[in-house]
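Structure record follows, encoded as structure tokens.
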Amino acid sequence: MAMTPLDELRHSCSHVLATALLRIFPDAKLDIGPPTDTGFYYDVDLEHKLTTDDLAKLEAEMKKIAEENQPFLRKEVSRDEAVEIIKSRGQERYKLGRLADIPEGEKISFYQNGEFMDLCAGTHVRYTSKLKAFKLLSIAGAYHRGDEKNKQLQRIYGTAFASKDELAAYLTQLEQAKLRDHRKLGKDLKLFVVDDEVGQGLILWTPNGAIIRQELQTFISEELRKQGYSQVFTPHIGKLALYKTSGHFPYYKESQFTAFAEPDAMAQLATEGCSCAELTRRLEGVSAQFAAEINQRAGKEVIVKERILDADQLLEGFMLKPMNCPHHIKIFASQPHSYRDLPVRLAEFGTVYRWEQSGELNGMTRVRGFTQDDAHLFCTEDQVAQEVLGCLSLVKTVLTTLGMNDYRVRVGLRDPDSSKFTGDPAKWDVAEAACRTAASTLGVPFTEEPGEAAFYGPKIDFVIKDVIGREWQLGTVQVDYVLPVRFNLSYIGADNAPHRPVMIHRAPFGSMERFCGVLIEHFAGDFPAWLAPEQVRLVPISDKTIDYARALLAKLKAEGLRASLDEHSDKLGAKIRRAEIDKVPYTLVIGQKEAEANSVSVRSRARGDEGVMTADAYVAKLKAEVATRALPDKKKPAPAAPGAPAS
RNA sequence: GCCAACAUAGCUCAGCUGGUAGAGCAACGCUUUCGUAAAGCGUGGGUCAUCGGUUCAAAUCCGAUUGUUGGCUCCA
């Protein structure tokens, strides 16, 4: 695979970094140093714990090496010669393994610059002097070969560009990104908090954030009503039996909160001296009959013998729900359905809990409790393609309304080698074909990714890039042929015989938490009026007009607008500045002139001073902007041409 | 969970090699009544994340714990 010139430059930087590393730390054992989308890194095994001071030293040494103007020389060798070179340089710990990765018959090459020589397919720039704009950024831990069972190495991250200007621009961009980080803005704009005592990864939505979430939920609910969905509500916990049937427990045990038993049962077990291990075993156990059913259905031993217990050993318990689907399935199954009723579309903003690893938690985007804008559709096989398409168009509507156009669509297919995926392969093929077709009619480029499917069926994910370039999976649509079988769902067809429905799981936002996190960064806190926690700030020039301002505030509130009045005795400039910092979309300046004419002087955060209009005209204008969920329009309206008739 | 760094007022941060805390902004009060991004003066506010150790003395040194950040692993 040919490298781009930029990759070549960055890859060369990796080698120069390694050269510098060995000069300063001769005992360093090198692993691998590739270019990345944003720079390069090198993984190194080193007794010495690298510090930021070391980064500066390494960078200075790299500059020296660049100035030494060493040529990059390619050398092709036999496998035996390669082993000799690696051994002679004392780099056998990782490099011999890397050498073994090169398939037999492929060329083996080394690249040399100065005293340094590395096993490498290339390619490189010609001279180290070409490296003019690079910077080491951070040190991180990284497992050898990305496997947590292996030793953790020290990874040095850096970036490089063709010119110093581009490097500076990139570093500025990183700074800018920090300014719109949802964790910073969440604090500044008082949108949400996380409290140690409540727990890591558990979001407390403060009043301002709650307004945004409520508006988004209202928006979604309106769209769902248009599309024939029914709203339901279900509790936050469910019995283990439910998740044993669905297959969620205990296969995903490591990412679930621990199951808990009923208080009476716990007390009884405690008096019997039951150990925790025993309690767990009895909670996770299943009956022989149930195991046989599941194993037969799956066509393999899904339930291992150790989990099968006698009836008197089985202990029923509860768990925090990791998904809403089993609850919705039970609502569907609570009454008989005719084919005429289908599709049944059940929607809920359902809160679920997952035990994410502590190191994975991140602001609102990776949390332990979150609310999905979830829905489950139950339909006939003939309806699948159309319903999937309906779900996709809903996601697209949502993203378009919010001006989120930088996303990609990922069709997650099963990996034939993995036992994670259950169900009939023929049904999988049909479902995968339906997803592919639906994705292709969406008019958005999409990629197919084997192994990314849910265990019960293929899925279509919407992946959005945040400002730091990280990708977040938001909306998702998943086709499921498995759970209807597990829960023995049926509907009566036109032939008066029972048929198996197909389920579709979908969530246009994914989760309210993650979506809001990404949305905060998307708007950099400058929310459109319909989402802004505070839509209008009234700013009286002096307290002489405070009575008019108070009356106006009451009027705006009565009209359902979110307004506040700045009663500080600051000068106008300070009040304007405060409103700007609070990112309020509209500031109304109220002075003597306005009070006398029952008007307002409008200042838009997006467009600046917009002049004076009557209070009534402004209320009507803002209400229309909110009702249409308009995005902020940065452009000033074009002034009417002189002499042109007023429109 | 793993590697590393960090944790001082509501926020952003200062506090050198140990001698029991400071600024700006915010809040509150007074003065000012002002036309599109910062008026002036004053007041209150901190068990220096928590617990333990070293020391005559700890925000400062050491250890543990909790949390945060950057990565890694993971993400039904």
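First the proteins, then the strands, lettered A, B, ... as listed; each starts at 1. Below, each value reflects all heavy atoms present in this structure, side chains not excepted, and no hydrogens, waters or symmetry copies.
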Separation of B/rC75 atom C1' from A/Phe455 atom CZ, nearest Å, is 15 Å

Which residues pass the side-chain contact (heavy atoms from CB on, under 4.5 Å) test with [X], sequence neighbours left out?
X: A/Ala142; value: A/Asp43, A/Arg155
X: A/Glu580; value: A/Ile576, A/Arg603, A/Arg605
X: A/Asp543; value: A/Ile546
X: A/Thr351; value: A/His236, A/Tyr353, A/Thr371

### Query
Is the ring centre of A/Tyr618 less than 6.0 Å from the ring centre of A/Tyr586?
yes

By ring pair (Phe, Tyr, Trp, His ring centres under 6.0 Å), A/Phe370 pairs with (sequence neighbours left out) none

Tabulated below should be each protein N or O lying under 3.5 Å from an N or O of nucleotides 23-31 of chain B; please produce it.
from	atom 1	to	atom 2	distance (Å)
B/rA27	OP1	A/His568	NE2	3.1
B/rU31	O4	A/Ser569	OG	3.2

Residues of residues 194-206 of chain A with a heavy atom under 4.0 Å from any atom of RNA chain B, listed by number, are A/Asp196, A/Gln200

> Are any of the side-chain heavy atoms of A/Arg93 and A/Asp45 separated by less than 4.5 Å?
Replying inline: yes

Its dot-bracket string being built from Watson-Crick and G-U pairs below 3.5 Å, with | for another strand and [ ] for crossing, RNA chain B has the pattern (((((((..((((.....[..)))).(((((.......))))).....(((((..]....))))))))))))....

For nucleotides 43-49 of chain B, give me every protein contact, N/O to N/O, under 3.5 Å, one pair per line with atom names.
none

Can you say whether a donor on the side chain of [X] sits under 3.5 Å from an acceptor on the base of [N], or the other way round?
X: A/Arg354; N: B/rC75; answer: no
X: A/Gln152; N: B/rC2; answer: yes
X: A/Glu594; N: B/rG35; answer: yes

What's the gap between B/rA39 and B/rC25 when it is taken at their P atoms, as a whole Å value? 11 Å

For B/rG18 versus B/rC56, give the span between their P atoms, rounded off to a whole number of Å.
-> 15 Å

Residues passing the side-chain hydrogen bond (donor to acceptor under 3.5 Å, both in side chains) test with A/Trp205, sequence neighbours excluded, are A/Glu513

Across all chains, not counting sequence neighbours, the salt bridge (charged side-chain N to carboxylate O under 4.0 Å, His left out) partners of A/Lys190 are none

Contacts satisfying salt bridge (Lys or Arg N to Asp or Glu O under 4.0 Å) that involve residues 139-148 of chain A (not counting sequence neighbours) are A/Asp101-A/Arg145

